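In this text the structure is predicted, and so the values were computed from the model without any measurement. The basis for the numbers below is simple: all heavy atoms, side chains too, and nothing from hydrogens, waters or symmetry mates. So you know, we letter chains A, B, ... as the sequences are listed, proteins then strands, and number each from 1.
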Amino acid sequence: MTLVFSGICSHGPGITGRADLAPPELRDPFYAAYRKMGDAIRATGAEALIVIAAEHFANFFMNNMPAYAIGMADQYEGPIEDPDWLRIPRQQVRGDADLSRRLIAEVQQTVDVAYAEEWKFDHGIMVPLHFLDPANALTIIPANINCQGPPLTPLHRAFAFGRALRRAADAVPQRIALVGTGGISHWPCTPDSGRINEAWDRDFLDRWASADEARLTAYTDAETYADGGQGGYEIRTFIAAAAAAGGKGIVDFYAPIPIFSTGCVVGWSEIV
Amino acid sequence: MTLVFSGICSHGPGITGRADLAPPELRDPFYAAYRKMGDAIRATGAEALIVIAAEHFANFFMNNMPAYAIGMADQYEGPIEDPDWLRIPRQQVRGDADLSRRLIAEVQQTVDVAYAEEWKFDHGIMVPLHFLDPANALTIIPANINCQGPPLTPLHRAFAFGRALRRAADAVPQRIALVGTGGISHWPCTPDSGRINEAWDRDFLDRWASADEARLTAYTDAETYADGGQGGYEIRTFIAAAAAAGGKGIVDFYAPIPIFSTGCVVGWSEIV
Amino acid sequence: MSLYQVQKLLFELNRDPAIQRAFEADGGAVADRYDLTEEERRALLEPDIGLLYVLGVNGQILMHFAAFKQIAWADYLQRMRDGVRIHGPIRAGVYKMTTGLDEKVAGV
Amino acid sequence: MSLYQVQKLLFELNRDPAIQRAFEADGGAVADRYDLTEEERRALLEPDIGLLYVLGVNGQILMHFAAFKQIAWADYLQRMRDGVRIHGPIRAGVYKMTTGLDEKVAGV
Ligand SMILES: [Fe+3]
Ligand SMILES: [Fe+3]
């Protein structure tokens, strides 16, 4: 029917897996904002949730690394990580292969996605779902942007991907919600883990809130790497979400939380 | 430096594997035209050959089916098929990962390719190389368009892929040749194997020779399936080659050869 | 979904000599790794090329499996025709038969 | 090219419980399936997390291997620091260390 929601949220295995190491005064408001966004999605009557993720070698490897991918199965499973380590139980997640097929066919008119008839969710999708859809009530359509293994897709194509998903969502009968999930600045899985560039994050979020394509796509990868770390490459998911929405964004929560290894954000955009 | 050659040629395992079952008066001129195109490529001084193929589940499966892919390795191997069945010995083929990386980065500005750091060549690449580069002298850059597992990429995107490859070839220091390899009408691997729609083939080749984007991309997949069989989906590779060249095409050889299961063509285009 | 599993087995078999050796030694053990119906399992292990064709296995996957099983080209085509004769038209995919049951377009 | 093989082993290990069991039972036999240098093989089997990090294994792949090996988060970070101390900066990839050898940004 139409896109009814477009939001952004940080992921990271530490957000659930290292919950007890985080200062409660930062952690609890972040969790609350995350859950509030789940309420906001349910309030729209969304039947399916597209999760634009930046997965971490759970499904895609350098033998065949798609710039963009969309899942096309009736069922997914996750997390791929040790459930005790991530503190999210292994579970089945409901998909909709037919809905995926229609979305993919429309997206393919302008953006060249790989389709995937199986998909193992890693923390990049499971952490958001843990907060946004704890009852496992939504149909999930996983989508992915390669933000890990260079050569990476250019930012203006990530914007085009968001526009294509919007056109596709508007063309199917269902009410569709969407979230982009990444990190902003972060240096994950390195000895630098916990390093966060708050000024860079806040500047990015200001551009994200403006939904201005030129400002959002003005970074080179070298600049992002220098200022935002290799984790900063994941801004592509937020750029796509902004492009899908088209309207101004509101940051509901932002705080650097070092033990979660990323700047932690929850926000959503006006659908215009 | 620039694209120095753009051609098209039919593939099919029967072209080598069932050579002895074919009428010599059709087979021999086809082989001769194929080899002549190899001479023409060598005459350009090409250092690398991009092969736009439509591979057949040798590397890519529905778990992660890329619309477009480009290899990024220093070495490939093939054929994946039984060498006795295909009558092409198993061999190593030289690639160039650095050249691939530069081509991919440029292509990704407009077309969203998957990159592949390994690639097993099937008959779709090995049959052309058997005729075009029997001495294994060229550096090969494999590229792929999904023509097998629907949902398939739209024809206008295949044209865009050809344009992107052209832009990329023009941006690297090497002299680059390119061939698109597919079938025209054919019903391969079915009891219909050998069925060929010559009138449809000749009409398609006329459009290919015109290099007219609108005429080349006017088919729906349903029309192609009805008139050209599921093998006809592979016209995408020829469309991409025409787009890369930009100029008029010349059909050097065309004949339906039923035991080869496809309309057999060799042709090339003016680079403009 | 189950057809996806049949095709996945064949895709992996077609490209991996180690799985080919395992399949030759104990096809059932290889089949156990995939989520197959009894009919699919039987078709793979026999092998019943005609039934695999009718189930909707993509021809580009099935052809290589037939070659691996040392089935000659003419025999491969005939087994698909026999499959359609026994089980009816293909149930999925784009590799439908468009010629007559006794037609041999390429003479084989 | 060889780093690609190290990462491929870890990618496949990280996502497949059957390979995880095989690796626990006989890591050398699993390693034999990949085209590895002696240094890479040793780093994988020991495991020498610090050396794998320096060799350029993508952090998103290495982190899961460390978790599989029951290495706690703080220990995982320290092993990477120790790897850089012993072997020098990373030799490939984008997961370079930008903080000091004795710096612990998140307190661990
Ligand atoms: Fe991430
Ligand atoms: Fe083909």
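Checked by atom type, the side-chain pair B/E117/A/N63 shows no donor-acceptor distance below 3.5 Å. For the 3.5 Å distance criterion, the side chains of B/R167 and B/T110 qualify, holding a donor opposite an acceptor. Counting only N and O atoms by type, the side chains of B/D112 and B/Q108 include no donor and acceptor under 3.5 Å apart. Defined by atom type and a distance below 3.5 Å, a donor-acceptor pair is missing between the side-chain atoms of B/D96 and B/T139. Residues B/H56 and B/H11 bring a donor and an acceptor atom of their side chains to less than 3.5 Å of each other.
Using a 4.0 Å cut-off between charged side-chain N and carboxylate O, A/D98 and A/R102 make no salt bridge.
Ranked by heavy-atom pairs shorter than 4.5 Å toward chain A, the options B/F161, B/W119, B/Y68 are led by B/Y68. With chain B as the partner, the residue from A/G71, A/A160, A/P66 showing the most heavy-atom pairs under 4.5 Å is A/P66.
Counting all heavy atoms, side chain and backbone alike, A/A168 lies closest to A/V107 at CB-CG2, 3.9 Å.
Interface residues of residues 149-158 of chain A toward chain B, defined by a heavy-atom distance below 4.5 Å and sorted by number: A/G149, A/P150, A/P151, A/L152, A/T153, A/P154, A/H156, A/R157. Heavy-atom proximity under 4.5 angstrom to chain B picks out nothing from residues 211-237 of chain A.
Between B/L99 and B/I141, some side-chain heavy-atom pair lies under the 4.5 Å cut-off. Between B/R94 and B/N136, the closest side-chain pair of non-hydrogen atoms is not below 4.5 Å.
Relative ring orientation between B/F61 and B/F57 is described as perpendicular, the plane-to-plane angle rising above 60° on a 0-90° scale split at 30° and 60°.
Looking at A/V111, the atoms closer than 4.5 Å to chain B (heavy atoms on both sides) sit in the backbone and in the side chain alike.
Within 6.0 Å of CZ in B/R163 there are 12 or fewer heavy atoms belonging to other residues, nucleotides or ligands.
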